[in-house]
Amino acid sequence: MKYLESQKMTASNDLVVLFHGLGACKEDWITPGGFTSGGDLTALLDEACIPWMAADFYGHGDWQAVESGFDPENISDEIWDSFISRSVEAVYEILQRKIAENPALSLQLVSYSAGCIVLASFLAKYPDLPVCASHLASPVPQESMDDEYSMHNNCDAFSGQKLFWHCGGDDDENEAGEIERVFNRIETEAKKLYWYDCGHSLPQEWTRIAYVDIVGARVDTSKK
């Protein structure tokens, strides 16, 4: 599994882990104005010397899927489990190495669209990882799917950490009221829901707001 990481490496105890959406790849997080506007966020993190990493999920970017007919923009139900489980395991392996290098490491997770489902599955499988905050952009709870990966079935995974959701008010990927129903079910001391006048593709503003929240949640305040 290939991944990108910040070029301004520091001795910080913070690490921001970026989860891309379907049909995207790790490079979306360094492309200014991409559909995730991810390049705007990583540029801000670099300027503040806050380390980050972004990996390709299974069947995306440089990670070739083994299943025939794998469509990264429309993953079939038969392959969905493989996509989620392989992606989760690969990210975990990378982070295990980084935590071994720095046991004091604190993680903040940032995801976009279906990457939010991977993030929730990741937290559910590895609840003991040092995650202090999650930042979800255009989350897709998938209440109608009602499977083990649906976010409404993984609300407990976010307990005990700071949580920030960035959502479009006209997002046709979600049923009416779905975001608020699932968000309200999550029991954690600090959580915030941001609404934007848009659909599933969020304006660049979300990256600036997320950056402020990331800075506020970091553990190593000795850095810039």
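Values reported hereafter were calculated over all heavy atoms of this structure, with side chains retained and with hydrogens, waters and symmetry mates removed. Note that the coordinates shown come from a computational prediction; the quantities given were computed from them, not determined experimentally.
Between atom CZ of residue Phe158 and atom CG of residue Leu136 there is a gap of 5.0 Å, rounded to the nearest 0.5 Å. Note that CD1 of Ile75 is 7.5 Å distant from CD1 of Ile84, once rounded to the nearest 0.5 Å. Rounding to the nearest 0.5 Å gives a distance of 12.0 Å between CG of Leu4 and CH2 of Trp29. A distance of 9.5 Å separates CE of Met151 from CG of Asn174, quoted to the nearest 0.5 Å. Here the CD1-CG distance, from Ile50 to Asp46, works out to 10.0 Å after rounding to the nearest 0.5 Å. In this structure, the separation between CD1 on Ile99 and CG on Leu15 is 8.5 Å, given to the nearest 0.5 Å.
Side chain of Asp40 to main chain of Arg208: no donor-acceptor pair is present (N/O by atom type, distance under 3.5 Å, no hydrogens or angles). Asn102 contributes no side-chain N or O that, together with a main-chain N or O of Lys98, makes up a donor-acceptor pair within less than 3.5 Å. Between the Gln96 side chain and the Glu93 main chain, no donor and acceptor come within less than 3.5 Å of each other. Side-chain N or O atoms of Asp14 include one that pairs as donor or acceptor with a backbone N or O of Val219 at under 3.5 Å. Side chain of Lys26 to backbone of Gly61: no donor-acceptor contact under 3.5 angstrom is found. In this structure a side-chain-to-backbone donor-acceptor pair under 3.5 Å is missing from Asp146 to Asn153. For the pair Glu187 (side chain) and Ser159 (backbone), a donor-acceptor distance under 3.5 Å is absent. In this structure, Glu89 contributes its side chain and Ser87 its backbone to no donor-acceptor pair below 3.5 Å. Although no hydrogens or angles enter the test, the distance criterion places no donor-acceptor pair under 3.5 Å between the side chain of Gln108 and the main chain of Ala133. Arg185 places no side-chain N or O within donor-acceptor distance of the main-chain N or O of Val182, the cut-off being under 3.5 Å.
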Quiz prompt | Derivation and outcome, side-chain hydrogen bond (donor to acceptor under 3.5 Å, both in side chains), residues Ser113 and Glu173 | solution = CA-CA 9 Å; Ser113 189; Glu173 295 288 334; over 6 Å; no
Practice problem: With side-chain contact (heavy atoms from CB on, under 4.5 Å) as the test, would you mind laying out the steps for Ile214 and Val110 before giving the verdict? | Solution: CA-CA 9 Å; Ile214 289 171; Val110 181; 4.0 Å; yes
Self-check item: Stepwise side-chain contact (heavy atoms from CB on, under 4.5 Å) check, Leu129 with Tyr92
Solution: CA-CA 9 Å; Leu129 284 174; Tyr92 177 71; 4.0 Å; yes
Quiz prompt | Gln142/Tyr149 under side-chain contact (heavy atoms from CB on, under 4.5 Å): CA gap, chis, key distance, verdict | solution = CA-CA 8 Å; Gln142 290 193 324; Tyr149 303 115; 5.5 Å; no
Quiz prompt | Candidate pair Val16 and Leu107, rule side-chain contact (heavy atoms from CB on, under 4.5 Å), full reasoning | solution = CA-CA 6 Å; Val16 177; Leu107 307 175; over 6 Å; no
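When the side-chain contact (heavy atoms from CB on, under 4.5 Å) test is applied to Pro127, no partner is found at least two apart in sequence or on another chain. Take Glu143 and apply the side chain to side chain donor-acceptor pair (under 3.5 Å) test, not counting sequence neighbours, and it matches Arg181.
When all heavy atoms of Phe122 and Val91 are compared, the pair lying nearest together is CE1-CG1, 3.9 Å. Across all their heavy atoms, Ser6 and Pro51 have their closest contact at OG-CA, 3.3 Å. Nearest heavy-atom pair, Ser150 versus Met145, reported as atom, atom and distance to 0.1 Å: OG-CB, 3.7 Å. Across Ala137 and Leu202, no two heavy atoms sit closer than the pair CB-CD1, 3.7 Å. Here the shortest heavy-atom pairing between His200 and Ser138 reads O-OG, 2.6 Å. The two residues His152 and Cys155 make their nearest non-hydrogen contact at O-SG, 3.6 Å.
A heavy-atom distance below 4.5 Å is found between the side chains of Phe70 and His60. Inter-residue side-chain proximity for Ile179 and Pro141 is flagged as met; some heavy-atom pair is nearer than 4.5 Å. Within the 4.5 Å cutoff, no side-chain heavy atoms of Trp206 are placed close to those of Tyr211. Residues Leu193 and Trp195 have side chains in contact (heavy-atom distance under 4.5 Å, counting atoms from C-beta outward). Ser106 places none of its side-chain heavy atoms less than 4.5 Å from the side chain of Arg218. The closest side-chain heavy-atom distance from Met53 to Leu95 is below 4.5 Å. Using a 4.5 Å heavy-atom threshold, the side chains of Leu109 and Phe19 count as touching. The shortest side-chain heavy-atom distance between Arg86 and Trp63 falls under the 4.5 Å cut-off.
Side chain to side chain, Trp80 and Asp147 fail the donor-acceptor criterion of an N or O pair below 3.5 Å. In this model, no donor atom of one side chain and acceptor atom of the other lie less than 3.5 Å apart for Asp28 and Thr31.
Within 6.0 Å of CG in Asp156 there are 12 or fewer heavy atoms belonging to other residues, nucleotides or ligands.
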Under 3.5 Å donor-acceptor pairs involving side-chain atoms of residues 160-169, not counting sequence neighbours:
unit_1	atom_1	unit_2	atom_2	d
Gln161	OE1	Ser134	N	3.1
Gln161	OE1	Ser134	OG	2.6
His166	ND1	Tyr196	OH	2.7

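In this structure, the ring of Tyr58 has its center no less than 6.0 angstrom from the ring center of Phe83. Taking the six-membered ring for Trp and the full ring otherwise, His20 and Phe57 have centroids separated by under 6.0 Å.
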